[in-house]
> 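Could you have a look at this structure, given as structure tokens, before my questions?
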Number of protein chains: 2
Amino acid sequence: MSRPKSESRAALLDNALSTFWKMGYHVVSMGDLVRETGVSRGGIYSDFKGKRELFHACLEHYQDTFVGPSLAPIEEDGAGIAAIAKYLETLISSIEQSGEGVIGCLVVNTSAQLDPDDTDTRALLEKHFKRQEDAFHAAISNENNISKKLSESEVKALAQFVTTSIQGLASRFRNTTDMKPLRQYADSLMQILKVQLYNDQ
Amino acid sequence: MSRPKSESRAALLDNALSTFWKMGYHVVSMGDLVRETGVSRGGIYSDFKGKRELFHACLEHYQDTFVGPSLAPIEEDGAGIAAIAKYLETLISSIEQSGEGVIGCLVVNTSAQLDPDDTDTRALLEKHFKRQEDAFHAAISNENNISKKLSESEVKALAQFVTTSIQGLASRFRNTTDMKPLRQYADSLMQILKVQLYNDQ
DNA sequence: CTTGTTTTAGAATGATCATTCCATTAAGCT
DNA sequence: AGCTTAATGGAATGATCATTCTAAAACAAG
């Protein structure tokens, strides 16, 4: 039997994700989602139990389509801090080219407005942070195998520092169109990484 | 004539602020504010035009009661990076002692859920960031007058870096009760400051 | 074209929201 | 005491929300 999923149906997650990303969970209404996705109310509810479930699916979709691909080079065997530098540069230039203004990171935005009791959503966010930190940890550890300057606990602290700093970058520049301070910040971060890994004190 | 402001009226801003801080602007209802402040609906509307105006007043109150006092030692003449270290330690231990769990920074939380077109609110947030960055800039500049290692533009970049990093700290640890990574992050930041200011490369 | 299914537009429902309003209460003052 | 004003609790209003429902439209296959 019968009809295939419509085009708009296939892009539902894409468009819902960008809507939540731009506006934030609480501000987005089902009417907004209907308008932005081109899928009817009934269509959305036939695929998802409700707004909350759709949002969770968008968080996963965000992982698959944005976070995963951008972290992949860092997660590769043998990747060093050059991969982190490239990650930052790609991040910034993709914002630059989108032209729509900066909208930060969906996970960071969500974290800032999360109900402390909402453990389901929190778990999804923590999974993201862990993945990011693990990737940075591996790359920094690889790099440290060359210089062997840092202890394992220092490598770990540095990976946490980088993760949290990038979260600061996403938070601080959510509404900036000027990319200069963004690049400045990325440069500072990379310079610090190099000093920590290679310069004796 | 007449009655003085009631006790609850005097604490209106205090309690409204903590409610917005914990729950976030969009989630807080006027009913929540009535319950949390102990002031009646009419009372709130007689002092403020509406929820939005009250929120703006809370942002200013946050500056006066939290941000200002905590930045004051850094803003003092001759303050160096020791003042920044103390600022971080005070920040973390005040979170620790509050016991209510971490609720990040009101300005950072607000920034993450701000409508891009809401320029009024944005201006209040930018004022905060500028003040914070200016304070750090002065302290780092003072410190650099001793070592004279950094150029003026490097001092500025470092101040921006510290500001944004602390924003990352507030964002990342909004929902953490474990203070260890928080202190770890603060230590890393201070160590980086010292290396940048005093270690030759 | 006809039959069966999917999808849609949009109305209906019931909850919740910000804001306004008012009758009642409580406080200060003479 | 009585007068005046501040403040309250809570009802009324009108908007908006998430969710459900339905009749019509769109599509596939016989």
Side-chain angles (χ1 to χ4, degrees), chain A residues 1-59 61 109-110 113-115 117-118 120-121 124, chain B residues 1-59 61 109-110 113-115 117-118 120-121 124:
Chain A
M1 349 158 171
S2 58
R3 280 170 83 190
K5 299 271 176 182
S6 75
E7 270 182 68
S8 57
R9 261 322 176 53
L12 207 178
L13 273 182
D14 280 336
N15 294 320
L17 165 56
S18 86
T19 307
F20 281 126
W21 199 350
K22 264 182 281 197
M23 304 170 62
Y25 178 77
H26 297 294
V27 173
V28 169
S29 70
M30 291 306 291
D32 292 327
L33 290 169
V34 167
R35 180 170 25 80
E36 297 293 322
T37 64
V39 179
S40 67
R41 286 176 137 76
I44 294 175
Y45 278 97
S46 80
D47 282 6
F48 300 95
K49 266 163 85 178
K51 182 183 170 187
R52 186 185 158 78
E53 283 238 334
L54 173 56
F55 180 65
H56 283 174
C58 285
L59 278 173
H61 194 58
N109 296 347
T110 302
Q113 48 197 303
L114 186 64
D115 175 356
D117 298 329
D118 183 353
D120 293 348
T121 308
L124 291 174
Chain B
M1 347 161 176
S2 65
R3 280 168 85 190
K5 299 272 178 182
S6 76
E7 269 182 67
S8 57
R9 252 341 171 40
L12 207 177
L13 272 183
D14 279 336
N15 294 320
L17 165 56
S18 86
T19 307
F20 281 126
W21 198 350
K22 265 182 280 194
M23 304 171 59
Y25 178 77
H26 293 110
V27 172
V28 170
S29 70
M30 292 305 291
D32 293 327
L33 290 168
V34 168
R35 180 170 25 82
E36 296 293 322
T37 64
V39 179
S40 66
R41 288 176 136 76
I44 294 175
Y45 279 98
S46 82
D47 282 7
F48 301 94
K49 267 162 85 178
K51 183 183 169 187
R52 186 186 158 80
E53 283 238 333
L54 173 56
F55 180 66
H56 283 174
C58 285
L59 279 173
H61 193 58
N109 295 348
T110 303
Q113 48 197 300
L114 187 65
D115 174 356
D117 299 330
D118 183 353
D120 293 348
T121 308
L124 291 175

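Proteins get letters first, then strands, A, B, ... in listed order; numbering begins at 1 in each.
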> OP1 or OP2 of dA6(D) sitting under 4.0 Å from any side-chain N/O of Arg9(B)?
no
> Give one of base, sugar-phosphate or nothing for Val34(A), where a contact means two heavy atoms less than 4.0 Å apart.
nothing
> Please report, rounded to the nearest Å, how far the P atom of dT19(C) is from the NZ atom of Lys49(B).
11 Å
> Output the rounded distance in Å from CE (Met30(A)) to P (dG10(C)).
16 Å
> Quick check: on DNA chain D, is the nucleotide nearest Ile44(B) upstream (toward 5') of the one nearest Tyr25(A), or the reverse? Name the residue that is more 5'.
Ile44(B)
> Find which nucleotide of DNA chain D each of Gly38(B) and Gly50(A) is nearest to by heavy atoms, and output the residue with the more 5' nucleotide.
Gly38(B)
> Under 6.0 Å from the six-membered ring centre of Tyr25(B) and within 45° of its axis: does the NZ or CZ of Lys51(B) meet both?
yes
> Report the distance from atom CG of Asp32(B) to atom C1' of dA18(C), rounded to the nearest whole Å.
12 Å
> Please test Lys22(A) against Asp32(A) for salt bridge (Lys or Arg N to Asp or Glu O under 4.0 Å), starting from the C-alpha separation and ending with a verdict.
CA-CA 12 Å; Lys22(A) 264 182 281 197; Asp32(A) 292 327; over 6 Å; no
> Could you state the atom-to-atom distance from OH of Tyr45(A) to P of dT7(C) in whole Å?
18 Å
> In whole angstrom, give the distance that lies between atom CZ of Arg41(A) and atom P of dA24(D).
20 Å
> Can a side-chain donor-acceptor contact be found between Asp120(A) and His56(A) if the only test is distance below 3.5 angstrom?
no
> Quickly work out the Asp47(B) CG to dT20(C) C1' distance and round it to whole Å.
16 Å
> Is Val27(B) touching bases, backbone alone, or none of the nucleic acid, heavy atoms closer than 4.0 Å?
nothing
> Measure from CG on Leu33(B) to C1' on dG10(D) and round the result to the nearest Å.
17 Å
> For Phe55(A) and Phe20(A), take the angle between the two ring planes, folded into 0 to 90°, and tell me which bin it lands in: parallel under 30, tilted 30 to 60, perpendicular over 60.
perpendicular
> Roughly how many Å is it from CE in Met23(B) to C1' in dC17(C), rounded to a whole number?
13 Å
